[in-house]
Amino acid sequence: MGTKIMDARVIVTCPGRNFVTLKITTTDGIYGIGDGTLNGRELAVVAYLQEHVIPCLIGRDADRIEDTWQYLYRGAYWRRGPVTMSAIAAVDVALWDIKAKRAGMPLYQLLGGRCREGVTVYAHANGHEVSELLESVAKQQELGYRAIRVQAAVPGVADAYGVPHGDKPYEPADGDLPREEVWDTAKYLRFMPKLMDAVRSKFGFDLALLHDGHHRMTPIEAAALGKSLEEFQPFWLEDLTPAENQEAFRLIRQHTTAPLAVGEVFNSIFDCKQLISEQLIDYIRATVVHAGGITHLRRIASFADLYGVKTGCHGATDLSPVCMGAALHFDVSVPNFGIQEHMPHSSSTDEVFPHAYTFAGGMMDSGEVAGHGVDIDEKLAAKFPYKRAYLPVCRLADGTLHSW
Ligand code: EZ4
Ligand code: CO
């Protein structure tokens with residue numbers, strides 16, 4: 001027993017979008033990889049890893065995952081935050097990958113084994129008009145998805161969240177400097193019931209329908225949205241209001257029974273402690289890369305389970321295939337699984353990160369390969385150098401900066 005960390009290296013690649021990957025190699029010649037991508041702030045995590053984490057890793061016992069997590073979290077004195085927690089996640093996932101490879105087992109076996117036969121995922125549908133959105137929903141249904149997130153352009157509003165610019169697939173981090181978008185919540189609140197009505201009228205109520213408010217409402221606006229959409233039975237309404245103020249969700253809850261999902265920007269259990277313990281949400285969206293890896297995400301999920309809150313891991317394209325692979329092992333083994341987001345990566349991203357996970361009939365699966373089942377083709381990765389890319393910023397018509 002006992003294998004030591006011999007080498008740790010950060011690989012940055014941009015096969016269509018930027019990804020940060022940590023590769024850890026042990027003295028017995030096994031390597032593991034972890035995702036450390038933080039959209040629009042990628043190089044901050046690279047520096048954190050290279051300058052401050054990797055020097056402490058060399059020579060450590062690769063089997064001591066929990067101790068290494070505690071060392072990087074408590075030991076740093078400065079705790080939490082997306083940069084720190086993404087860096088810790090990269091180490092944590094690489095070490096779980098190594099441990100599972102050494103055991104000769106898929107990672108989910110080390111997490112207690114399967115709790116389900118597959119992972120129900122939801123797709124994104126979007127449109128510049130309602131008719132285009134309806135076509136997009138039909139297309140996702142044909143691909144096999146039974147849960148679909150709907151986002152459409154709002155009449156009279158220049159930029160709605162979740163709708164692509166032009167014909168390209170939706171990928172918001174597209175500016176060498178942040179693109180500026182203009183937003184109007186009142187118009188959005190008037191439009192949303194019409195949109196949901198159009199979708200339910202065409203597709204009926206068997207389809208699980210999701211929607212992302214992307215932090216743009218005040219608590220009372222969020223309450224009004226929930227109330228107006230309740231009759232369309234959404235599977236969830238996501239990120240209606242920014243969640244720095246957790247008790248704001250009490251107000252939303254007083255007015256609507258629409259299920260609420262929050263937490264893709266959370267990086268610690270403390271970000272959702274009150275939301276969970278007061279049962280102010282129904283799904284916790286934290287995922288592997290931004291919430292401290294498998295080790296910390298399991299802690300969040302166990303805590304959530306005490307209060308009947310289910311998981312709903314973030315799975316946009318800025319979370320690399322390495323994160324998706326690790327998340328799927330978590331998803332098949334966590335008792336209180338809810339749903340997993342799936343936004344397929346570009347073919348060049350899939351080529352740089354060969355993976356064992358699969359999609360069929362609206363479900364994904366981790367696969368049965370030892371480790372988390374995701375690798376990186378370093379030669380190919382080197383052909384796609386880092387390219388600075390920002391997420392947009394959002395303003396109101398009078399120029400006031402608003403949450404994007
Ligand atoms: O805007 O991942 O639910 N999914 C989302 C994402 C986020 C991006 C930000 O990096 O809200 O599309
Ligand atoms: Co979201």
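All ligand and atom numbering here is 1-based and tracks the order in the structure. As a basis for the values below, the full set of heavy atoms in this structure was taken, side chains included, without hydrogen atoms, waters or symmetry mates.
- Between Asp212 and ligand 1, at least one N/O pair is under 3.5 Å apart.
- For the pair OE1 of Glu264 and OD2 of Asp212, the angle whose vertex sits at the Co ion (ligand 2) is 180° to 10 degrees.
- The distance criterion of under 3.5 Å between nitrogen or oxygen atoms is met by Glu341 with respect to ligand 1.
- Atom numbering of ligand 1 starts at 1 in the shown order; those under 4.0 Å from a heavy atom of Ala316 are 2 (O), 6 (C), 12 (O).
- Cation-pi geometry between Arg388 and Tyr390 is not met: the NZ or CZ atom fails to fall both under 6.0 Å from the ring centre and inside 45° of the normal.
- Protein heavy atom at the shortest distance from atom 1 (O) of ligand 1 is His214 NE2, 2.8 Å.
- The cationic group of Arg114 lies under 6.0 Å from the six-membered ring centre of Tyr108 and within 45° of the ring axis, placing it in a cation-pi geometry.
- For residue Asp239, no N/O/S atom approaches the Co ion (ligand 2) to within less than 2.8 Å.
- With hydrogens left out, the protein atom closest to atom 11 (O) of ligand 1 is Glu264 OE2, 2.7 Å, a heavy atom.
- When ring centroids are compared, His296 and Trp69 come within the 6.0 Å threshold.
- Between atom 12 (O) of ligand 1 and the options Tyr170, Tyr161, Trp404, the minimum heavy-atom separation is to Tyr161.
- Residue side and main chain included, Glu341 places no N/O/S atom under 2.8 Å of the Co ion (ligand 2).
- Side-chain atoms of Ile294 and Leu297, non-hydrogen and from C-beta on, never get closer than 4.5 Å to each other.
- Between Arg285 and ligand 1, a contact under 3.5 Å exists for at least one N or O pair.
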